[in-house]
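Chain letters run A, B, ... following the sequence lines, proteins first, then strands; residues in each count from 1. As the structure is a computational prediction, the values presented were derived from the model and not from experiment.
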Amino acid sequence: MPMIQPVRGTRDFYPEDMAFRQWLNNQIREASTQFGYQEFDGPFLERLELYAAKSGDELVKEQSYVFPDRSGSMIALRPELTPSLARMVAQRGKGLTLPLRWWSFGPFWRYERKQKGRSREFFQWNIDLIGVDTPEADAELVAVAATLFRNVGLTADMIRIKVNNRRLAEKQLQKIGIQGELLPTTFRLIDRQDRMTPDAWKSYALESGLKEEQFTGLMKMLKDLDAWKTSPEMLQYFKAAEALGADEYLDYDPTIIRGLDYYTGTVYEARDVKGNHRSILGGGRYDDLVSVVGGNPIPGTGFAMGDVVFGLVLDENGIKPDLRVSPTDILITTFEEGGESSSIQISTELRDAGYRVEWYPEPVRLQRQFKYADRNEIPLVIIIGPDEIESDKVSLKDMVSGEQVSFDRSDLLTRIRNRLVG
RNA sequence: GCGAGGGUAGUUCAGUGGCAGAACGCGCGCCUGUGGAGCGCGAUGUCGCGGGUUCGAAUCCCGUCCCUCGCCCCA
């Protein structure tokens, strides 16, 4: 029988992969909770309409896994979390004590062509601050991200967070006569600049309805790295970021505008400095999302970070953690067959004392058993063979130092507790 | 949906018409109850699948499936 293919775009998590996923989850939990954020999660399945309400065109029509359930309702595997969050907030309505600081780490699905940094099934960290519309709130989110980066060893010369503000951009565009219907078009245009050649981009701009002088104005605007100084909101934002210790990662970048329609203020994304990867995280302020799903308007700000690019960037910078896969503290060697062997008895005794213990499940050559302990980086090995049983002793080997001692079996727990032999 | 490159041992790959290979990993021995380093020995396999050309195909031709990378979109 031929091997059945895994579903395209999914990943198998072997123990070593699972160790990384769990490590990432822990790092995310650590950074989030340091700022008082509470963990939550939405369902993995949602009604399709929830996404149709906002995320709009591409994400819903082209990239969602959609299927009818047995009652005929159209169901989607969640492609993002923000609409669920908005729904959950709207549902509880006034019962919630604002502001809300919520975070989540879980799986998402997008039906797209697999490529570097992108898979169809991926994990994402979402974190949001809801109920406040101050620049300080936006700055806090970036500070949480910066905390994670620092904790895992990603320094400011490895990655940058590029920030802009849509209200500022709107104001600037207004000055060159771009407003109304031309505004979203121009945002999309800005978003695509780095993916097109200058010539192609220019003709795309003119086709989109920009006049020649507006195009020139736009070019000038995208090169003005001081424009943020004209925005009180951004001045306040950068000041807060500095107080929060996050400014070392931050750059103002007028070309950052972001594709999603619901952003209203601050927008940002983190990229690796070398530019070898897609964005590590992206987010911003959305001030009327909750009302879209039927609640009272509540402002919010937050971002999402995918696990795939994050892992690639850690790897490239040589700071991906070397994680131990086996949880075992102590391996008990086995010499004899039979259910009542001393090996099993000792393993139970040590487990009752709170240690993580495994016994070698068959009496193979000792060499194999030690090799097994070595490969799994098990720090301690107990040898209990005919010699030990006859003299009522136990031998203990420290796999790191290589030292081995023999002592009375009755001393076992004390000797283990003291760990280092001698 | 469009474009490019691939598929040979567990893994990474070499092999372009004539015996199916290397490295790493794995197993065994040196070492009768002791891992990591070294040396020696050993096992690897539907050459993605189907068809065709040929005395002979991993190699050439046709078809097909799958993987990777890019475009689109995005974490």
Q: Decide whether Ser32(A) and Trp125(A) meet the rule of one side-chain donor and one side-chain acceptor closer than 3.5 Å.
A: yes

Q.
Can you tell me if Arg120(A) touches the phosphate of rC74(B), counting only side-chain N or O atoms and a distance under 4.0 Å to OP1 or OP2?
A. no

**Q.** Quiz item: Arg118(A) side-chain donor-acceptor pair to rC74(B) base, under 3.5 Å
**A.** yes

Q. When you compare rG70(B) with rG27(B), how far apart are their P atoms, in angstrom units rounded to a whole number?
A. 37 Å

Q: Tell me what Thr334(A) touches on the nucleic acid: a base, only sugar-phosphate, or nothing, going by heavy atoms under 4.0 Å.
A: nothing

Q. What is the pairing partner of rC71(B), taking Watson-Crick or G-U wobble pairs with both distances under 3.5 Å in any strand?
A. rG1(B)

Q: Under 4.0 Å between any heavy atoms, over every strand shown, what does Arg271(A) touch: base, sugar-phosphate, or nothing? Just pick one.
A: nothing

Q) C1' atom, rG1(B) versus rA75(B): distance in rounded Å? A) 23 Å

Q) So which of residues 366-392 of chain A are in contact with RNA chain B, with a heavy-atom cut-off of under 4.0 Å? A) Leu366(A), Gln367(A), Arg368(A), Phe370(A), Lys371(A), Asp374(A), Arg375(A), Ile383(A), Gly385(A), Pro386(A), Asp387(A), Glu388(A)

Q: Sticking with atom P, work out how far rU8(B) lies from rC60(B), rounded to a whole angstrom.
A: 16 Å

Q. Tell me, which of residues 203-210 of chain A have any heavy atom that sits under 4.0 Å from an atom in RNA chain B?
A. none

Q. Is Arg8(A) touching bases, backbone alone, or none of the nucleic acid, heavy atoms closer than 4.0 Å?
A. sugar-phosphate

Q: Would you mind classifying the nucleic acid contact of Val364(A) as base, sugar-phosphate or nothing, using non-hydrogen atoms under 4.0 angstrom?
A: nothing

Q. What about Tyr286(A) and Tyr263(A), are their ring centers closer than 6.0 Å?
A. no

Q) When only distance counts, do a donor and an acceptor, one from the side chain of Gln115(A) and one from the base of rC69(B), lie under 3.5 Å apart? A) no

